[in-house]
Colleague: 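Before we start, here is the structure in question, set down as structure tokens.
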Amino acid sequence: MSFSNLGLSEKVLAAVAATGYTNPTPIQEQAIPHVLARKDVLGIAQTGTGKTAAFVLPMLTILEKGRARARMPRTLILEPTRELAAQVKENFDRYGAGQKLNVALLIGGVSFGDQDAKLMRGVDVLIATPGRLLDHTERGGLLLTGVELLVIDEADRMLDMGFIPDIERICKLVPFTRQTLFFTATMPPEIRRITEAFLHNPQKVEVSRPATTAVTVTQAQVPAGREAHEKRELLRRLLREAKDLKNAIIFCNRKREVAIVHKSLQKHGFSVGALHGDMDQPARMAALDQFRKGELPLLVASDVAARGLDIPEVSHVFNFDVPHHADDYVHRIGRTGRAGRTGTAISIVTPLDQKSMAAIEKLIGQSIPRAEGDYEVPAESSEASERPREQRGRERSRGGGRGKPQRGRDRERSHEPREARGEARHASESRPSSEARQPAESRHRSDDKRRAEPRQAARQQANTSHVPSIGRPEPRRQREVDTEPGDHSHLPAFLLRPVRSPAGA
Ligand code: AMP
């Protein structure tokens, strides 16, 4: 099947050809004809499948006819995060270069005034996050009654972020007769309910999970003690010893952890950026840009901030924390091994993560090899030696020393200096809940709060070294074992020890 059989306009086909794509991906092949036939579409597909172009290309074809009126956008695309919204806009800029379309982005962290002026000029495509969109409608600067086509992208992530009530409100503000394109990676009951309420006779198109196609990713799990400093020490070792590491994303479960790991890696001489939900928009964009260009080869990120980012050629993914949701694992490792390239995904696994790992292995239908043995953090390690000698002695005598599981979250935190803990200075940073679980209401307000507050994250970003190497050379411990030849060449040497099967696998 070629693009020319899908019913796209000449202009759009020319733009696709200029991009260098020869064949549509399965989601494009299935969805584009339905979109052009003005049917509702329920697309079950993840990022990495080409689903953005599956709605952008037919929308461009449809939008060739007609004109936009002031404050009344013709089409509306809802995205869960600002980065995804910006990425969709880039797609319109790329494929719609030959058309004079007005594409506006309504995302938090950008001034209302500029956005308002754009709306006033008339918008063909409005790409928005739900909170900022509703802010504009409530101010009276935006009317959704002219929307002919609505795209709800990453719906299951919207659900995770507490945006479903907002989505329902928005669906009631657009005309009943609109065309709706709805994309989600999974179909939990709440999402099913929404599709039943707001889609009319949808054409269902489904493509397989990237997990089933990402055979080019070498996966491994490395056991670690539950102490945070042990995990950081192990991470540094993994980074230093990884073979062929070109660039890597290091995932943490919480934004506070992102800040701590980022700071700790910087302190140890690594060139690293950070991406989490409390950073303001320019800082997030700057971090991403530096990572894309290779100026910062490492990026510590949270799931929400990194979801769906189109970053080609990531050689390694590290799970500093095992994700609580198995789906997130699939998304994370989907950042590497894209488009047939090889990649490596290494998870740091504490005894508390066993359940999550079992759920992940069940979801992806394969067991993830475990590294055996020599992962322990030496007592003389730099972070361990920053703590008082007696305390280290106490830890060891309690049997919780190197690499062994330890109990007590308070103790885990108390022996780190405040700075190293990255202790929250803003109320928003100290919230214990994950940003993914933050209710929609407070997220809207926090946009404004983030604008008003000094930006620690932005300052950290500005101080970040631009050295395009992973980190300054540090002496390695001479504990490598003989490496086996073969296809595990991207793994650190100590991961190449005999592997034992996961329990129950
Ligand atoms: P998405 O799932 O929309 O995030 O797209 C994932 C990646 O696939 C992006 O880098 C796109 O530029 C790329 N892509 C989209 N469509 C095609 C295609 N037909 N052929 C090759 N690459 C594509």
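Indexing begins at 1, ligand by ligand and atom by atom, following the structure's order. Computed over heavy atoms, backbone and side chain alike; hydrogens, waters and symmetry mates excluded.
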Colleague: Identify, by atom number and element, the atoms of ligand 1 in contact range of F3, meaning under 4.0 Å from any of its heavy atoms.
Modeller: 19 (N)
Colleague: Have T186 and D156 got a donor and an acceptor in their side chains that come within less than 3.5 Å?
Modeller: yes
Colleague: Mark up the atoms of ligand 1 that fall under 4.0 Å of a heavy atom belonging to T52, in ascending order.
Modeller: 1 (P), 3 (O), 4 (O)
Colleague: Does Y21, backbone or side chain, put an N or O under 3.5 Å from an N or O of ligand 1?
Modeller: yes
Colleague: Please say whether A53 places an N or O atom under 3.5 Å from an N or O atom belonging to ligand 1.
Modeller: no
Colleague: Test the R157-F163 pair against the cation-pi criterion, namely NZ or CZ under 6.0 angstrom from the six-membered ring centroid and within 45° of the ring axis.
Modeller: no
Colleague: Relative to ligand 1, is R94 under 4.0 angstrom through side chain, backbone, both or neither, heavy atoms considered?
Modeller: side chain
Colleague: Where's the contact between N23 and ligand 1, heavy-atom distance under 4.0 Å: side chain, backbone, both or neither?
Modeller: backbone
Colleague: Quick one: look at Q28 and ligand 1, take heavy-atom pairs under 4.0 Å, and tell me if it's side chain, backbone, both or neither.
Modeller: side chain
Colleague: Could you tell me whether the side chains of R121 and N102 share a donor-acceptor contact shorter than 3.5 Å?
Modeller: no
Colleague: Which ligand 1 atoms, with their elements, are less than 4.0 angstrom from a heavy-atom of T25?
Modeller: 17 (C), 18 (C), 19 (N)
Colleague: Sub-3.5 Å donor-acceptor pair from the side chain of D40 to the main-chain atoms of T180, do we have one?
Modeller: yes
Colleague: Taking R178 for its side chain and P175 for its backbone only, find out whether a donor-acceptor pair lies under 3.5 Å.
Modeller: yes
Colleague: Scan side-chain atoms only and decide if S9 and E64 contain a donor-acceptor pair under the 3.5 Å cut-off.
Modeller: yes
